[in-house]
Amino acid sequence: MTNETDHDTSISKELFFRLSGTGKGIWETNRSQPTTVQLVDQKRFHGEVLDIGCGIADNAIYIASHVNNINLTAIDLVPRAVEVAGEKAQKENVNIQFEVVNMLDDLSKTNLKHHSYDVLLDSAIFHAFSNDERLVYIKNLEYLIKPNGLYIQIVYSEKETRDTIPRRVKKSDLIELFSSQHGWTIESIEDTVYESRPDSPLAPSVQAYLSLIRRTHQI
Ligand SMILES: C[S@@+](CC[C@H](N)C(=O)[O-])C[C@H]1O[C@@H](n2cnc3c(N)ncnc32)[C@H](O)[C@@H]1O
């Protein structure tokens, strides 16, 4: 199913390997997303937290330096991004465990723990996936999340009008994919923005959805 804002396509892994960790990715702002700041203020992060597709860890470092008593792990597909993120975290003197992981792989072969995370943060990853990849990704979210855990998703939304963005996610797709039939309960889907690097073509920001999605039962 496609419309003008949403095509069944993925952002190529090659693009992430080329940009992630170089300082040139449009998401590499060197500061936390305002939505993450708001989520920290709302005390959404607790216990075991996993930042999925952490990039250079702008969000993870903000969380680690503003929330007490959490165990934070951050993963990314691109080794260079994880290396840069690790150096930044060390400089900021915050405790984050970093791993290189492809969220479309078999996670039982990684160090990530089964049904162990209270909170999963997905800041601008989901819109990178095709329809088939979405299904693999969601199975992996289900592998990671604790019963009653919270999946927080920030994603480019259909409200964005610039068509240079490959995939802008529809609310109706989120409602279908994260239905109670699949063991999820959507607590809220709100409009927000995802900030871009000030010198990038998508500056200052892209229209986005912030969704809070609870793993209410295992299927
Ligand atoms: C748009 S950036 C967002 C980075 C960070 N979450 C933020 O908001 O600043 C997307 C990140 O997801 C990573 N990524 C893309 N596909 C991935 C996958 N299959 N598994 C893990 N990470 C992935 C990319 O390398 C990139 O660092």
Side-chain angles (χ1 to χ4, degrees), residues 9-40 45 49-64 72-86 88-89 96 98-107 109-112 117 119-141 143-144 151-157 160 164-169 192-198 200-211:
T9 183
S10 59
I11 299 177
S12 82
K13 307 289 166 283
E14 188 276 328
L15 180 134
F16 289 119
F17 277 106
R18 186 155 42 84
L19 291 179
S20 223
T22 61
K24 293 185 187 142
I26 56 169
W27 60 90
E28 296 184 337
T29 58
N30 282 310
R31 64 191 207 124
S32 174
Q33 287 292 323
T35 308
T36 306
V37 174
Q38 179 193 318
L39 290 162
V40 166
F45 299 101
V49 177
L50 181 67
D51 181 5
I52 300 170
C54 62
I56 56 172
D58 290 331
N59 294 302
I61 290 171
Y62 184 86
I63 296 166
L72 179 53
T73 305
I75 61 168
D76 201 279
L77 171 72
V78 179
R80 183 182 48 227
V82 170
E83 199 182 315
V84 171
K88 286 178 62 169
I96 302 171
F98 289 99
E99 300 272 348
V100 176
V101 175
N102 180 350
M103 266 299 283
L104 301 178
D105 278 352
D106 175 357
L107 296 186
K109 301 202 167 108
T110 70
N111 291 328
L112 298 180
Y117 298 92
V119 185
L120 303 176
L121 174 65
D122 167 341
S123 172
I125 321 291
F126 186 79
H127 55 242
F129 297 134
S130 68
N131 285 359
D132 285 347
E133 287 172 338
R134 284 177 173 184
L135 300 180
V136 176
Y137 179 75
I138 292 171
K139 281 281 157 238
N140 276 339
L141 296 177
Y143 174 91
L144 294 167
Y151 166 54
I152 300 174
Q153 185 196 66
I154 304 164
V155 72
Y156 288 169
S157 83
E160 175 56 52
T164 44
I165 298 163
R167 199 142 207 207
R168 285 157 285 164
V169 172
T192 187
V193 293
Y194 183 85
E195 277 191 354
S196 309
R197 240 189 35 240
S200 82
L202 295 180
S205 58
V206 178
Q207 294 300 310
Y209 285 136
L210 163 64
S211 302

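Remember, it's 1-based here, ligands and their atoms both numbered in the order they're listed. The first residue in the sequence is number 1, and the count goes up from there.
In summary, the atoms of ligand 1 found under 4.0 Å from a heavy atom of I125, numbered by their order in the structure, are 10 (C), 11 (C), 12 (O). Close contacts of ligand 1 with V101, meaning ligand atoms under 4.0 Å from a residue heavy atom, involve 20 (N), 21 (C). Taking every non-hydrogen atom of V78 and a distance limit under 4.0 Å, the qualifying atoms of ligand 1 come out as 25 (O). Short contacts between ligand 1 and A124, defined as distances under 4.0 Å to a heavy atom of the residue, involve ligand atoms 1 (C), 10 (C).
The backbone N or O of F126 sits nowhere less than 3.5 Å from a side-chain atom of R134 that would complete a donor-acceptor pair. A donor-acceptor contact shorter than 3.5 Å is absent between the side chain of E195 and the backbone of P204. Not one N or O on the side chain of N102 forms a donor-acceptor pair closer than 3.5 Å with the backbone of L77. In this structure, the side chain of E160 does not engage the main chain of A208 through any donor-acceptor pair within 3.5 Å.
Considering backbone and side-chain atoms alike, I75 places every N or O at 3.5 Å or more from each N or O of ligand 1. For the pair D58 and ligand 1, the shortest N or O to N or O distance does not fall below 3.5 Å. Remark: ligand 1 and Y194 share an N or O pair separated by less than 3.5 Å (distance only, no angle test). An N or O contact shorter than 3.5 Å links N59 to ligand 1 by distance. Annotation: M103 places an N or O atom under 3.5 Å from an N or O atom of ligand 1; distance criterion only. Some N or O of N102 is nearer than 3.5 Å to an N or O of ligand 1, by distance alone.
Remark: distances from the non-hydrogen atoms of A81 to ligand 1 are all 4.0 Å or more.
Scanning the protein heavy atoms around atom 5 (C) of ligand 1, the nearest turns out to be G53 O, 3.3 Å.
Within the 4.5 Å cutoff, the side chain of I63 has heavy atoms near those of the V40 side chain.
With salt bridges taken as basic N to acidic carboxylate O contacts below 4.0 Å, one links R18 and E14.
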